[in-house]
Every structure is written in C-alpha cells, then in structure tokens.
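Before any comments, here is the structure.
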Amino acid sequence: MIQVCARNIDDVWFGLACAEPQVFATSFGKSEQEVLGNLLDSLPFNVPFQVYSTPLPFAQNALSSLKTIYDGEDKNFHFTLAVEHLPVYTQRALKATRQIPAGYVTSYGSIAKVVGGGPRAVGNVMANNAFAPLVPCHRVVKSDFTLGGYGGGLKVKYQLLCREKRGFTAEDTVDVEGKEMSIYPVEFALKRLDSIFSRKLPF
DNA sequence: TGCAAACCATAAC
DNA sequence: GTTATGGTTTGCA
C-alpha cells in the first residue's frame, strides 16, 4: 500500500508518495491540493494508495529532506526511487539529472549527449519528472544558460537556483554511466539572466 | 535577434 | 501503426 501525504513547512507544501523504503513520487507547491494532485498524477496506473493526514516516521523524515533541498542545502540523500514502471530512457535521463550537484547546472543537450536521444526528449522527461525537487530538474537549463521551463513556474526555478549558489567559477564534469557530462556553475545561468533583464526579471 | 527546420522519446489516437 | 507534443538546438538571414 502506498502512503500519500503532504505537509506544510514554512508556508510551502511538500508531498510524498512512498512505500518504505521506496519513494514513488515527490512534489512541492503552494497548496495542498496542487501537491496531492501532482502526486496522484505520478503514481503508476493501478497501484493501491491511501492518503495519510499524519505521515509515518519514514515519510516525515523524507518530507523534511525535501524542505532541505528546497532551501538549497546540499545534504546527500539516498532514497530509493521507484522507477521500474517508467520507460528505460526516462530512467536514464532521471539518473543523469541526479548527478548534477547543487551549485551547478547543465543543459538538456548535455544530458542528451550522455544518455542518448535529443534535447527535446530530455525536456520531455524533465517536464514529467515525478520526483521534484529530489531529482533536481531545476538544475537543467537551456544551452544558452537561459532558464528553459519549469513545472512549478520559472520564478520557482529561479529562486531554487539562487539558493544553490556556491561560488563555483569553472566548468566541470560528472560521471554518468561511464561517460562525462559537463556541468557549469549555477552563477553562469544567474548572470546570464541578469544581463538580459538588467533590472527586472520577466516574472 | 528572430525564425525555420531538425530532433527524438512518449503518450494518445 | 501514426500523429501530436514538448522545459531544445542549431544554422542562417
């Protein structure tokens, strides 16, 4: 039985669908309804679930971990994500996305380079990411370092990235299935935005 | 800058 | 099977 629950922390709703020790979906947003809706949309077709008003300890712990990530802190969580029901390509793209450390971003194209397929296919996977912000799809931007899109809204994506500033200055790479994927300081993207909208952001 | 065409996995018909 | 749909990219005027 999958446990579905949501909790408000510092005025943000965080949601989780899990069956200890597996996490089936995560979500966050500004209303409980929005978050629960996202979770239910992400659940595999006909698995039984139950909505809990008071989350069990495992869920409580996972929910506060989401809040930690939301705040831009960089603890290493090792949750087991339930992805078997997803297409293989989707699994690989999500896995690559998980390798992007806080403080860095990469592009849809860079991910495509290591997992195959094309940039738009990667964009599709991000758009359907059932594990935000646990799988940090907010760290994936366009090749010109503008933001691209975000399910929760561009403002949210921008704010998440701002909190993850680490002061890195150089391009780097991470290992994804034996291949090197390029990553870039998040500042590259933030500065790019500043230069385009020297005063006002478009949101 | 702006626009058109190529790109590619999925979901929906 | 086929078509439609993107959180893209690249090239060219």
Side-chain angles (χ1 to χ4, degrees), chain A residues 15 17 24-30 34-35 37-47 66 69-70 72 81-164 171 173-174 176-177 179-203:
Chain A
F24 279 79
T26 62
S27 174
F28 70 102
K30 36 192 183 314
E34 172 191 357
V35 165
N38 288 340
L39 293 176
L40 297 188
D41 285 343
S42 305
L43 286 185
F45 172 48
N46 61 9
V47 296
L66 292 182
I69 295 170
Y70 176 86
L81 271 37
V83 292
E84 316 76 47
H85 60 286
L86 299 172
V88 180
Y89 181 79
T90 300
Q91 296 183 32
R92 301 214 300 148
L94 290 178
K95 190 172 176 186
T97 304
R98 287 183 91 180
Q99 308 302 310
I100 312 168
Y104 288 95
V105 296
T106 192
S107 70
Y108 300 95
S110 297
I111 294 179
K113 235 175 174 177
V114 296
V115 303
R120 303 198 71 172
V122 173
N124 267 325
V125 174
M126 298 301 116
N128 293 306
N129 175 25
F131 303 98
L134 194 51
V135 172
C137 57
H138 58 278
R139 295 178 195 149
V140 185
V141 299
K142 288 204 195 183
S143 58
D144 64 359
F145 290 111
T146 56
L147 284 187
Y150 196 66
L154 286 183
K155 181 176 180 179
V156 173
K157 185 171 187 173
Y158 174 77
Q159 292 171 335
L160 284 168
L161 292 178
C162 281
R163 285 183 222 114
E164 293 184 348
E171 172 182 354
T173 63
V174 291
V176 176
E177 296 178 3
K179 294 180 188 168
E180 288 195 337
M181 182 172 75
S182 299
I183 56 176
Y184 310 85
V186 63
E187 282 83 353
F188 283 20
L190 298 176
K191 278 175 188 158
R192 179 86 165 83
L193 291 178
D194 287 345
S195 70
I196 296 177
F197 314 105
S198 44
R199 207 155 299 191
K200 306 176 190 171
L201 291 169
F203 36 74

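Note that the structure is a prediction, hence the values are computed from the model and not measured. Per chain, numbering begins at 1; letters A, B, ... match sequence-line order. Hydrogens, waters and symmetry mates play no part in the numbers below; they use all other heavy atoms, side chains included.
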Using both distances under 3.5 Å as the test, list the Watson-Crick or G-U wobble partner of B:dC7, or none. none
May I ask you to verify if any side-chain N or O of A:Thr90 is less than 4.0 angstrom from the OP1 or OP2 atom of B:dT10? yes
Within 45° cone of A:Tyr70 ring axis and under 6.0 Å: A:Arg163 NZ or CZ: yes
Could you state the CG-C1' distance from A:Leu94 to B:dT10, rounded to the nearest angstrom? 13 Å
Using purine N1 to pyrimidine N3 plus N6-O4 or O6-N4 for Watson-Crick, or N1-O2 and O6-N3 for G-U wobble, both under 3.5 Å, which nucleotide pairs with C:dG7? none
When you get a sec, tell me which of C:dG7, B:dA9, C:dT8 is the closest nucleotide to the side chain of A:Ala121? B:dA9
In whole Å, what is the span from the CG atom of A:Leu161 to the P atom of C:dG7? 17 Å
Starting the side chain at C-beta, find the nucleotide from B:dA11, C:dG7, C:dT9 nearest to A:Pro87. B:dA11
What is the distance, rounded to the nearest whole Å, between atom CZ of A:Arg120 and atom P of C:dA4? 14 Å
Regarding A:Val122, tell me which of base, sugar-phosphate or nothing describes its non-hydrogen contacts under 4.0 Å with the strands shown. nothing
In whole angstrom, what separates A:His85's NE2 from B:dA11's P? 10 Å
In whole Å, I'd like the distance from the NE2 atom of A:His138 to the P atom of C:dG7. 18 Å
Using the closest heavy atom to pick a nucleotide of DNA chain B for each, name whichever of A:Gly118 or A:Asn128 lands nearer the 5' end. A:Gly118
Could you pull out the closest heavy-atom pair between A:Ala17 and A:Leu43, with the gap in Å? CB-CD2, 3.7 Å
What does A:Tyr89 touch in the nucleic acid at a heavy-atom separation under 4.0 angstrom: a base, only the sugar-phosphate, or nothing? sugar-phosphate
With heavy atoms under 4.0 Å as the rule, sort A:Gly116 into base, sugar-phosphate or nothing. nothing
Can you find an N or O donor on one side and an acceptor on the other, under 3.5 Å apart, linking the side chain of A:Tyr150 with the base of C:dG7? no
Can you tell me the distance, in whole Å, between the CZ atom of A:Arg92 and the P atom of B:dT10? 10 Å
Within 6.0 angstrom of A:Glu180 CD, more than 12 heavy atoms from elsewhere: no
Would you please classify the geometry between the A:Phe24 ring and the A:His85 ring as parallel, tilted or perpendicular, with 30° and 60° separating the classes? parallel
Grab the CG-P distance between A:Leu147 and C:dT8 for me, whole Å please. 11 Å
Roughly how many Å is it from CD1 in A:Ile111 to P in C:dG6, rounded to a whole number? 20 Å
Provide the closest heavy-atom pair for A:Met181 versus A:Ile100 in the form atom of the first, atom of the second, distance. CE-CG1, 3.9 Å
OP1 or OP2 of C:dT8 under 4.0 Å from side-chain N/O of A:Ser143: no
